[in-house]
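One structure is given here, and the rest of the page talks about it.
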Amino acid sequence: MSRASFRRLVVVLTAAVGMAACGADAVAPLPVQPPGPTRSTPTPSAIAATPATPGSPSRPPPPTSGRPVAAPPTPTRTRGTPRTTPPPTAATPACQGAVRYDLPLAETEVELLKSLCFATGAVLRIQGIGPGLVTVDRPELVSQQYEAGVVDIRFVRPGTVAVTIPQEGREHTITVVVR
């Protein structure tokens with residue numbers, strides 16, 4: 001290998017190593033270069049400890065900034081008292097989340113159901129009733145739809161809604177608290 005060819009090879013290798021050290025996309029190794037890590041920068045001691053293969057030049061050390069790399073911060077414990085109450089949007093034992101609550105009138109004793117609690121976005125699905133029979137006292141808090149014997153009441157804003165369901169000549173009112 002001539003001296004000029006060797007210098008060109010060193011310049012090409014230096015440029016390739018410098019680009020890889022700067023975070024550029026990985027490049028394919030040159031035919032005379034053994035495959036190695038593409039994204040990590042070896043330390044000068046690792047380069048010195050690597051024996052050169054016969055007939056190929058050793059790689060020059062990559063440029064370094066001279067600054068040590070900072071270690072990631074150690075995790076710390078949060079200070080203060082732990083939260084004992086769940087956030088207002090989460091379901092609690094007394095209040096369900098944004099769920100669909102099915103109420104099949106043929107299988108449910110509506111008289112025993114006095115109140116419910118849901119998160120905003122929940123749907124009360126009343127099955128087995130005619131159109132226009134289910135009423136609410138606060139229509140601004142709900143979105144109500146009827147289709148094929150099913151009334152869907154979606155609770156769109158927090159508040160308290162009285163849902164009235166007529167059944168067997170009586171009106172049953174379920175108080176729904178929406179959080």
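Summarising the local packing, CD of E140 is surrounded by more than 12 heavy atoms from other residues, nucleotides or ligands at distances under 6.0 Å.
V99 and V163 fall within the same hydrophobic cluster, where Ile, Leu, Val, Met, Phe, Trp and Tyr residues are linked whenever their side-chain heavy atoms come under 4.5 Å apart, directly or through other members. The same ILVMFWY cluster, assembled from side-chain heavy atoms under 4.5 Å apart, contains both F155 and I174. By the criterion of side-chain heavy atoms lying less than 4.5 angstrom apart, applied directly or through intervening Ile, Leu, Val, Met, Phe, Trp or Tyr residues, V156 is not grouped with V136; the two fall into different hydrophobic clusters.
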Tell me, with the steps shown, if T160 and V178 meet side-chain contact (heavy atoms from CB on, under 4.5 Å). CA-CA 6 Å; T160 303; V178 184; over 6 Å; no
Please evaluate residues I126 and V150 with respect to the criterion side-chain contact (heavy atoms from CB on, under 4.5 Å), reporting the C-alpha separation (whole Å), side-chain torsions for both, the decisive distance (0.1 Å), and the verdict. CA-CA 6 Å; I126 304 167; V150 177; over 6 Å; no
Residues L113, L103; criterion side-chain contact (heavy atoms from CB on, under 4.5 Å); working and verdict: CA-CA 10 Å; L113 189 59; L103 185 62; 3.7 Å; yes
side-chain contact (heavy atoms from CB on, under 4.5 Å) between L124 and L116, intermediate numbers included: CA-CA 10 Å; L124 174 62; L116 295 168; 4.2 Å; yes
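Applying the disulfide bond (SG atoms under 2.5 Å apart) definition to pairs two or more places apart or across chains, those involving residues 111-144 are C95-C117.
Taken to the nearest 0.5 Å, the OG1 atom of T164 stands 6.0 Å off from the CD atom of E171. Distance OH/Y146 to CD1/I129: 8.5 Å, rounded to 0.5 Å. To the nearest 0.5 Å, the span separating CD on E107 from CG on D102 amounts to 10.0 Å.
Looking only at side-chain heavy atoms (C-beta outward), P158 and R179 stay at 4.5 Å or farther from each other. Side-chain contact check for P166 versus T135: every heavy-atom pair is 4.5 Å or farther apart. Taking 4.5 Å as the limit, some side-chain heavy atom of L105 sits within range of a side-chain heavy atom of Q167.
Side chain of R125 to backbone of V151: no donor-acceptor contact under 3.5 angstrom is found. Panel note: side chain T120, backbone R157; no donor-acceptor pair is recorded below 3.5 Å.
Using a 4.0 Å cut-off between a side-chain N of Lys or Arg and a carboxylate O of Asp or Glu, E168 and R170 do not qualify as a salt bridge.
Pairing each heavy atom of A119 with each of A98, the nearest pair is CB-N, 3.6 Å.
Just one residue in the list V161, V176, D152, V123 forms a side chain to side chain contact (heavy atoms under 4.5 Å, CB included) with V142, and that residue is V161.
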